[in-house]
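Take a look at the structure set out below.
Below, read A as the first sequence line, B as the second, and so on, with proteins coming before strands; counting in each chain starts at 1.
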Amino acid sequence: MSNIKIALDEIRRGVSEIIDIKRIESLIEKFYRDGSTYSVKAGFDPTGADLHLGHTVLLQKLRIFQNHGATIQLLIGDFTATIGDPTGKSETRKVLDRDTILKNAKTYQEQVFKILDRSKTEVVFNSTWLDKLGASGLVELTTLFNVARMLERDDFEKRYKSGKSISISEFIYPLLQGYDSVVLKSDIEIGGTDQKFNLLMGRYLQRAYQLNKQQAILMMPILEGLDGVAKMSKSLNNYIGITEEPKDIYAKVMSISDNLMWRYYEILSDKSLKEIEKMLQDVENGLLHPKKVKENLALELTTRFYNEESATMAKSEFDKVFKSNKLPTDMVKFEVEDGIWICKALVEIGLEPSTSQARRDIKQGAVRIDQKKISDEKINLKKGRYILQVGKRKFAKVEVK
RNA sequence: GGUGAGUUACUCAAGCGGCCAACGAGGGCAGACUGUAAAUCUGCUGACUAUGUCUUCGAAGGUUCGAAUCCUUCACUCACCA
């Protein structure tokens with residue numbers, strides 16, 4: 001197989017839709033013929049500081065492009081974040097202040113290079129040109145589009161019909177995102193499927209501004225969160241952050257449902273679709289235990305952000321705590337005063353949010369001292385060392401002085 | 001600008017003078033069962049060393065023995081009209 005063919009196969013893998021595949025083909029071809037590079041744009045909204053697996057779907061793909069001659073234009077939407085992308089939201093999004101945005105943008109970059117090749121990445125902030133656009137530039141931009149077409153966008157249409165408010169600035173958002181593509185002269189833009197409208201806007205505006213080229217578009221599927229329903233996002237707290245501890249990444253992957261596991265394999269794993277299909281068959285025929293399959297996925301993902309060693313350790317730690325019901329190796333340590341009331345102690349060390357909650361949990365048999373269930377909520381702790389546990393996953397070592 | 005409807009806990013949503021820390025659903029947490037999975041079943045879901053006390057129903061005042069419930073003002077949201 002030729003380089004070009006391999007490249008295209010890698011690029012197509014797991015993609016949910018491509019617009020103008022011809023363009024991509026010719027760019028790749030050109031690279032392998034005379035080494036000329038091309039640009040791939042991907043925009044990130046610095047609204048949350050931590051990257052999670054959902055973001056990596058995109059980043060992984062960008063990395064593949066880098067392997068095949070692309071320079072990545074990593075666009076930090078610092079300006080547009082002050083507006084708030086309405087995509088997928090049923091109501092107007094809250095606006096962030098500039099300081100938070102800048103701080104988020106910085107941590108973003110640190111994390112992005114866990115995956116991307118820094119030498120083939122150009123980080124750009126859209127405030128650079130959008131600040132300069134000015135009122136006249138903005139007006140010019142808005143004349144290129146009309147409200148009827150804007151309302152074609154699904155979420156706008158829904159909100160419009162149901163009488164929910166749409167602010168004018170939200171109409172401007174897609175225009176600005178598209179304008180970014182004009183300024184950057186991007187050859188390709190990557191985004192989630194939910195970004196289709198905005199991505200197409202870039203293509204449209206490049207033509208409208210007579211750039212004599214139009215970006216190809218590659219859309220990645222949206223990764224569901226741990227609950228398997230909603231999109232993975234920080235605000236829903238259903239995410240796996242790439243900076244989380246190995247054992248947390250491992251444990252979180254293990255906690256997803258079997259159905260979702262296959263979805264994660266498809267979108268996140270490096271395994272070929274054939275291999276995945278084979279595993280699915282084997283599980284169905286009872287040749288393979290689904291838990292084993294999930295362990296492999298957890299290992300693969302943990303390894304990706306750390307290394308094999310940490311991943312293996314995460315696994316053995318996990319098995320120790322949950323399979324054989326032993327205590328974790330390292331627990332948070334605390335010191336408390338002699339004679340402290342158990343509920344108070346639990347609150348003090350952060351295992352419980354309130355004494356009321358602590359009482360409830362004790363009543364339900366969720367609290368253990370040195371692995372033994374307690375039922376009396378009136379216990380006071382005497383001098384000594386104890387291991388306190390709430391539920392299955394919250395542990396702490398306590399020394400009573 | 002005018003008229004009308006609304007604002008209840010994490011979300012949706014009942015309640016319309018005492019029986020209200022507030023029905024119900026979702027979510028969350030915990031227990032059982034398991035593969036810490038899913039599904040299912042059960043319990044809990046304002047705070048407080050607690051059979052009681054305190055703070056909550058957009059905000060501030062008022063009426064009342066007693067207010068989420070009635071009145072006044074203000075803020076916000078939505079609909080229709082302009």
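Distance from the side chain of A:K373 is smallest for B:A32 among the nucleotides B:A38, B:A32, B:U49. Taking the side chain of A:S356 as heavy atoms from C-beta on, and the options B:G35, B:C48, B:A32, the nearest nucleotide is B:C48.
As rounded to the nearest Å, B:U55 and B:A9 have C1' atoms that lie 13 Å from one another. When the P atom is used for both B:G43 and B:C78, the distance is 41 Å, rounded to whole Å. Rounded to whole Å, the C1' atom of B:U56 lies 10 Å from the corresponding atom of B:A47. Comparing the same atom, P, in B:A14 and in B:C23 gives a spacing of 14 Å after rounding to whole Å. Going from the P atom of B:C29 to that of B:C10 covers 16 Å, rounded to whole Å. With both ends at atom P, the span from B:G4 to B:U8 equals 22 Å, rounded to whole Å. Taking atom P on both B:G6 and B:C16, the two are 14 Å apart, rounded to the nearest angstrom. B:A67 and B:G61: their P atoms are spaced 14 Å apart (whole Å).
Against RNA chain B, the stretch residues 293-306 of chain A makes heavy-atom approaches under 4.0 Å through A:K294. A heavy-atom distance below 4.0 Å to RNA chain B is reached by these residues of residues 309-327 of chain A, ordered by number: A:F318, A:F322. In the region residues 360-369 of chain A, proximity to RNA chain B at under 4.0 angstrom, judged on heavy atoms, holds for A:R360, A:Q364, A:G365, A:A366. Contact check of residues 338-355 of chain A against RNA chain B (heavy atom, cut-off under 4.0 Å) returns A:W341, A:K344, A:S354, A:T355. Shown for residues 384-401 of chain A: residues whose heavy atoms fall under 4.0 angstrom of RNA chain B, namely A:G391, A:K392, A:R393.
Across every strand in view, B:C20 sits unpaired, with no contact that passes the Watson-Crick or G-U test at under 3.5 angstrom. Figure legend. B:A30 is base-paired to B:U42; pairs are counted as Watson-Crick or G-U wobble with both atom distances under 3.5 Å. Across every strand in view, B:A25 sits in a pair with B:U11 that passes the Watson-Crick or G-U test at under 3.5 angstrom. B:G61 and B:C71 make up a base pair, with Watson-Crick or G-U wobble contacts both under 3.5 Å. Across the strands present, B:U77 finds its partner in B:A5; the criterion is a Watson-Crick or G-U wobble pair with both atom distances under 3.5 angstrom. For B:U49, there is no paired nucleotide, since no Watson-Crick or G-U wobble pair has both relevant distances below 3.5 Å. Nucleotide B:U36 has no partner under the Watson-Crick or G-U criteria, as no pair reaches both atom distances under 3.5 Å.
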Next item on the list: Kindly indicate, with the supporting measurements, whether the criterion side chain to side chain contact (heavy atoms under 4.5 Å, CB included) is fulfilled by A:F395 and A:V321.
Entry: CA-CA 11 Å; A:F395 300 90; A:V321 176; 3.9 Å; yes

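The interatomic distance linking A:L260 (CG) with B:U36 (P) rounds to 18 Å, in whole Å. The distance from atom CZ of A:R359 to atom C1' of B:C48 is 8 Å, rounded to the nearest whole Å. As a whole-Å value, the separation of A:E377 CD from B:A50 C1' is 9 Å. Going from atom CG of A:N259 over to atom P of B:G35 covers 18 Å, rounded to whole Å.
On a pure distance criterion of 3.5 Å, no polar donor-acceptor pair joins the side chain of A:D227 and the base of B:G27.
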What's touching nucleotides 22-24 of chain B from the protein side, N or O pairs under 3.5 Å?
none

Side chains of residues 249-269 of chain A: which donor-acceptor partners sit under 3.5 Å, not counting sequence neighbours?
residue, atom, partner, partner atom, Å
A:K252, NZ, A:Y239, O, 3.1
A:K252, NZ, A:E244, OE1, 3.1
A:K252, NZ, A:E244, OE2, 3.1
A:S255, OG, A:K252, O, 2.9
A:S257, OG, A:L260, N, 3.3
A:D258, OD1, A:K294, NZ, 3.0
A:R263, NE, A:E224, OE1, 3.0
A:R263, NE, A:E224, OE2, 3.2
A:R263, NH2, A:I222, O, 3.4
A:Y264, OH, A:E224, O, 2.8
A:Y265, OH, A:V293, O, 2.7
A:Y265, OH, A:L297, N, 3.3
A:S269, OG, A:K271, N, 2.8
A:S269, OG, A:E300, OE1, 2.9
A:S269, OG, A:E300, OE2, 3.2

Side-chain donor-acceptor distances from residues 370-383 of chain A under 3.5 Å, at least two apart:
residue, atom, partner, partner atom, Å
A:D370, OD1, A:I387, N, 2.8
A:D376, OD1, A:K378, N, 2.9
A:E377, OE2, A:R359, NH1, 2.7

Ignoring hydrogens and angles, write down the donor-acceptor pairs under 3.5 Å from the side chains of residues 61-70 of chain A, residues two or more places apart or on other chains.
residue, atom, partner, partner atom, Å
A:K61, NZ, A:E10, O, 3.1
A:K61, NZ, A:I11, O, 2.9
A:K61, NZ, A:R13, O, 2.7
A:R63, NH1, A:I115, O, 3.3
A:Q66, OE1, A:D117, N, 2.8
A:Q66, NE2, A:D117, O, 3.1
A:Q66, NE2, A:K120, O, 3.1
A:Q66, NE2, A:T121, OG1, 2.8
A:H68, ND1, A:Y32, OH, 2.6
A:H68, NE2, A:E10, OE1, 3.2

Report, one line per pair, each donor and acceptor closer than 3.5 Å where one atom sits in a side chain of residues 129-142 of chain A; sequence neighbours left out.
residue, atom, partner, partner atom, Å
A:W129, NE1, A:D180, OD1, 2.8
A:T142, OG1, A:L138, O, 3.4
A:T142, OG1, A:V139, O, 2.6

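Listed by chain and residue number, nothing satisfies the salt bridge (charged side-chain N to carboxylate O under 4.0 Å, His left out) test with A:E308 (two or more places apart in sequence, or in another chain).
Between A:D258 and A:Q357, the residue whose closest nucleotide on RNA chain B is further toward the 5' end is A:Q357.
Side-chain atoms of A:Q215 come within 3.5 Å of backbone N or O of A:L199 as a donor-acceptor pair. Of the possible polar contacts, one joining the A:E317 side chain to the A:T329 backbone as a donor-acceptor pair under 3.5 Å is found. With A:Q111 contributing its side chain and A:T243 its backbone, the two residues share no donor-acceptor pair below 3.5 Å. Panel note: side chain A:R23, backbone A:D187; a donor-acceptor pair is recorded below 3.5 Å. Proximity of a side-chain donor or acceptor of A:N238 to a complementary backbone N or O of A:S233 within less than 3.5 Å is detected.
Pairs engaging residues 339-355 of chain A under the side-chain hydrogen bond (donor to acceptor under 3.5 Å, both in side chains) rule: none recorded [sequence neighbours left out].
Dense packing is recorded around NZ of A:K394, with more than 12 heavy atoms of other residues, nucleotides or ligands lying under 6.0 Å away.
Using bins of under 30°, 30° to 60° and over 60° for the plane-to-plane angle, the ring pair A:F44/A:H55 lands in the tilted bin.
In this structure, A:N238 reaches neither bases nor backbone, as no heavy-atom distance under 4.0 Å exists between it and the strands shown.
Proximity of the aromatic rings of A:Y179 and A:Y209 is defined here by a centroid distance below 6.0 angstrom, and this criterion is met.
Salt-bridge check for A:K106 with A:E110: failed, with every basic side-chain N at 4.0 Å or more from each acidic carboxylate O.
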